[in-house]
Protein chains: 2
Amino acid sequence: MINILFSAKSERWDEYESPLTNALAQAGVQANLSRDHDPVDVDYIVFAPNGPVTDFTPYTKTKAIMSLWAGVETVVDNATLTQPLCRLVDDSLTNGMVEWVVGHTLRHHLGIDEHITKQDGVWRDFVYPPVAAHRPVTILGVGALGAACGQALHQLGFPVTGWSRSAKDIPNITCLHGDDGLRAALTGAEVVILLLPQTPETENILNAERMALLAKGAFIINPGRGPLIDDDALLAALDSGQIAHATLDVFRTEPLPAAHPFWAHPKLTVTPHIASSTRPETASHVIAENIARGEAGQPFRYLVDRRRGY
Amino acid sequence: MINILFSAKSERWDEYESPLTNALAQAGVQANLSRDHDPVDVDYIVFAPNGPVTDFTPYTKTKAIMSLWAGVETVVDNATLTQPLCRLVDDSLTNGMVEWVVGHTLRHHLGIDEHITKQDGVWRDFVYPPVAAHRPVTILGVGALGAACGQALHQLGFPVTGWSRSAKDIPNITCLHGDDGLRAALTGAEVVILLLPQTPETENILNAERMALLAKGAFIINPGRGPLIDDDALLAALDSGQIAHATLDVFRTEPLPAAHPFWAHPKLTVTPHIASSTRPETASHVIAENIARGEAGQPFRYLVDRRRGY
C-alpha cells in the first residue's frame, strides 16, 4: 500500500477523487489516495501549482511529483523540489488542442469572421483564399501538442514548418532548430502557432524583429503561454497591418484585466485559456500508469529535464 | 486537329483561355479552342450552364460536353442534350470544400462565434465542448466531396456517418443508404452536412420531420444545394432551439435577396456560394485529360447518368 497525496484546489479533488481511485485500481496500484498525509509518509504527489504544497522539503521519501498540468514553468524553479517531476501528457489534452488550433487556423485561412459579422443582406464578391497548399504554417514548439497540430494541418494540405530548440525529425513537418532555423521558419510564414514551453529563452521569442519576417498580413495563434509574445510589438504589428489578426488564449496575467488593450483591439481575439483542458477521466489513467511504472522499477514517462525547464 | 467550343461567360474565357490551351497541349491534344465555331464542326464543348449554348441540337458531331461546374442539375434535363455529359471533378474543388466544411464544423463544435462576438473584457467561465469523439457528424451525400470531408473529419476524431441513395463502402465512414438508413443517419446527429446532388428525390430531404430526429441543438451546414433543405422548417427549428445554428452557402435563389429572413436570423450564417470554387489551373487539366481519353477511345471519366441526374 502506497500513499498518494493529492495537492490541488479542492474543486479538482471533487473532479479527480473517483476517476483517479478507479484508474489506480485498474493499473494494479494499491494506494491510499488522500489530501491529508503526513509528508514523511508520501510516496507520490499528484500536484497542481496552485494547490497547498509549495515546499517539497519535508517529502523525504517521495518518489515523484505527478503534475496535473502540461506546463510546469511555475514549479520547475522551486528550489525545494529535488524529487523527479513528470509533466501531464494526455491524449485528450492533445486532441482538444488539435481541434482548437485547426479550428482557428481554418477560421483565419477562410476569413470566417467577416461572414459571421457581416450578415447585412449584401451578397458580396469574394476573393477566394489561397488553397491550403499555398498557405505556409509555422509552429513554434513541436513537442507532443505542436507535432499533433502539425500532422492535422498537414492532412488538410497546409505546408507545415516546425521549430524547436534542438533538432527534431517529424514526418510531414519541415523541422528547423536554432537561431538560424527560427529566422528561416518565420520568413514568409502566413500563420504562426505558438506551442513552446515557457522558459527564460522563449520569453518574447516572437518580438518586433521576428514578426517583421512573416508574410505581410500573417495570422498569429497563441495557445501556448502568454510571455512567448512581446505584447507591445504585437499591438504595433496589428496596427501597421503586418499582422492581420491575432487569436490569443494565454496571457501574462490571467484572467486578462478588463482594461487591457487586447480586449478592445478589433484585430485581436481573446479566448479565456480554453484552447485545451485536461479531462479527469483520461488524465487519471496517465498518472496512474506512470505511478505503476515507478512501482515496477521502470523509468517514469514525461520526466521534466530541470535544466531545460520542461 | 479537333474543335473545342468554349461556352461560358466571357469572364470565364479570360480565366481559362491560357490554362486550358496549355493543359490541352500537355495532354497531347491538338485542338482549336475558340468561343466561336460552326456548331456542326464542334468536337467538344467546354460548358457552363450560364453561357451562350442552350440548344445542343445543331452540335451533331459533338462527342461530349465537359461541364465547368460540379453540379449539373441545370443542364441534365435539357431535352436537346443527347451527347455524353461529364461533370467536373477537380481535386482543388474537393480540397477547398474540405477546408470550408472542416472549418465550419470546428467553428460550431468549439463555439468560436461566441468568442469572436463577445470581446467585452469579461473572462468567462467556459463549458468545454465534448471532444470530437463524442460529437457525431452525419454527411448526406458521400460522393467525391462528401467522402473527402468525411475522411478529414474522421482524422480529427469525429465519428462520421455517411448517407447516400445507394449502398457504399468507404473506410472510416459508417455508410448507410435508403429510407431506413436516412432515419438512422440523422437520429442523434449533432452536425449534419449536406453534399447531395440536387434531384427531384433530394428536394427538401431535410424537412421538419427529419430535423426532429437530430440531437437537440444540432448544427446544419449546407454547402451542397439550396433546395435540399425545407427553408420554413429550418427557420422553425432554429426558433424552437432544435437546431442551434445553420450555416448555409447555397440557396433556392442566388444571390439571396436582401429581404430574405435568412439574412436577419441570429442563428443563421449566410455565405455567398463560396464553399469551394473551381480553379482554372487545375480544372483545365481535368478537362484536357478527359478529352484526351475520348480521342484515345477510352471511356470518359465523370460521365453523368442522365436517369439519376448526376
Side-chain angles (χ1 to χ4, degrees), chain A residues 91-92 95-96 98-100 102-113 115-126 128-129 131-133 135 151-152 155-158 247 249 251 254-260 262-266 268-277 279 282, chain B residues 91-92 95-96 98-100 102-113 115-126 128-129 131-133 135 151-152 155-158 247 249 251 254-260 262-266 268-277 279 282:
Chain A
D91 280 351
S92 76
N95 295 346
V98 168
E99 294 170 17
W100 192 89
V102 172
H104 284 280
T105 300
L106 286 172
R107 168 193 156 214
H108 291 309
H109 170 62
L110 298 169
I112 286 179
D113 291 26
H115 295 298
I116 294 173
T117 55
K118 283 197 191 151
Q119 290 286 305
D120 56 3
V122 180
W123 187 269
R124 287 182 174 80
D125 276 337
F126 181 77
Y128 283 93
V131 288
R135 180 85 84 176
Q151 297 308 319
Q155 296 274 5
L156 288 165
F158 292 96
T247 292
D249 189 52
F251 306 92
E254 295 182 10
L256 186 68
H260 195 286
F262 282 175
W263 281 111
H265 202 290
L268 201 148
T269 305
V270 171
T271 62
H273 204 142
I274 53 151
S276 190
S277 71
R279 321 255 173 174
T282 51
Chain B
D91 280 352
S92 75
N95 295 346
V98 169
E99 294 169 17
W100 192 89
V102 173
H104 284 279
T105 300
L106 286 172
R107 168 191 156 216
H108 291 310
H109 170 62
L110 297 169
I112 286 179
D113 291 26
H115 295 298
I116 294 174
T117 55
K118 283 198 192 151
Q119 290 287 304
D120 55 4
V122 180
W123 187 269
R124 287 182 175 77
D125 277 338
F126 182 78
Y128 284 93
V131 288
R135 179 85 84 177
Q151 297 307 319
Q155 297 275 4
L156 287 164
F158 292 97
T247 293
D249 189 53
F251 307 91
E254 294 182 10
L256 186 69
H260 195 285
F262 282 175
W263 281 113
H265 202 290
L268 201 149
T269 305
V270 171
T271 62
H273 205 144
I274 54 152
S276 190
S277 72
R279 321 254 173 174
T282 51

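- Taking the side chain as every heavy atom from C-beta outward, B:L156 and A:E99 never approach each other to under 4.5 Å.
- Interface check for chain A: of the options B:L268, B:L106, B:T271, the most heavy-atom pairs under 4.5 Å are formed by B:L106.
- Looking only at side-chain heavy atoms (C-beta outward), B:P266 and A:Q119 stay at 4.5 Å or farther from each other.
- The two residues B:A258 and A:G121 come nearest to each other via the heavy atoms CB-O, 3.5 Å.
- Contact of A:V102 with chain B is made through backbone and side chain together, with heavy-atom distances under 4.5 Å.
- The distance from atom CG of A:L110 to atom CH2 of B:W100, rounded to the nearest 0.5 Å, is 9.0 Å.
- Proximity to chain A involves both the backbone and the side chain of B:H273, based on heavy atoms less than 4.5 angstrom apart.
- Proximity to chain B is absent for every atom of A:F158, based on heavy atoms less than 4.5 angstrom apart.
- Each of A:V131, A:D120, A:T247 has some count of heavy-atom pairs under 4.5 Å with chain B, and the biggest count is that of A:V131.
- With chain A as the partner, the residue from B:N95, B:I112, B:T105, B:V98 showing the most heavy-atom pairs under 4.5 Å is B:I112.
- When A:A152, A:A132, A:S92, A:G96 are compared by the number of non-hydrogen pairs under 4.5 Å with chain B, A:A132 comes out ahead.
- The candidate from B:L256, B:D113, B:I274 with the greatest count of non-hydrogen atom pairs under 4.5 Å with chain A is B:I274.
- Judged as a side-chain hydrogen bond (donor to acceptor under 3.5 Å, both in side chains), and not counting sequence neighbours, B:S276 has no contacts.
- Ranked by non-hydrogen atom pairs under 4.5 Å with chain B, the options A:G103, A:P272, A:A133, A:P257 are led by A:P272.
- Partners of A:R135 by salt bridge (charged side-chain N to carboxylate O under 4.0 Å, His left out), not counting sequence neighbours, listed by chain and number: A:E190.
- Summarising the geometry of B:E254 relative to A:W123, their closest heavy-atom pair is CG-CH2, 3.9 Å, with the distance given to 0.1 Å.
- Heavy atoms closer than 4.5 Å to chain B are found nowhere in A:H260, neither backbone nor side chain.
- Put simply, CG on B:D249 and NE2 on A:H115 are 8.5 Å apart, with the number rounded to the nearest 0.5 Å.
- Heavy-atom distances place the side chain of A:R107, and not its backbone, under 4.5 Å from chain B.
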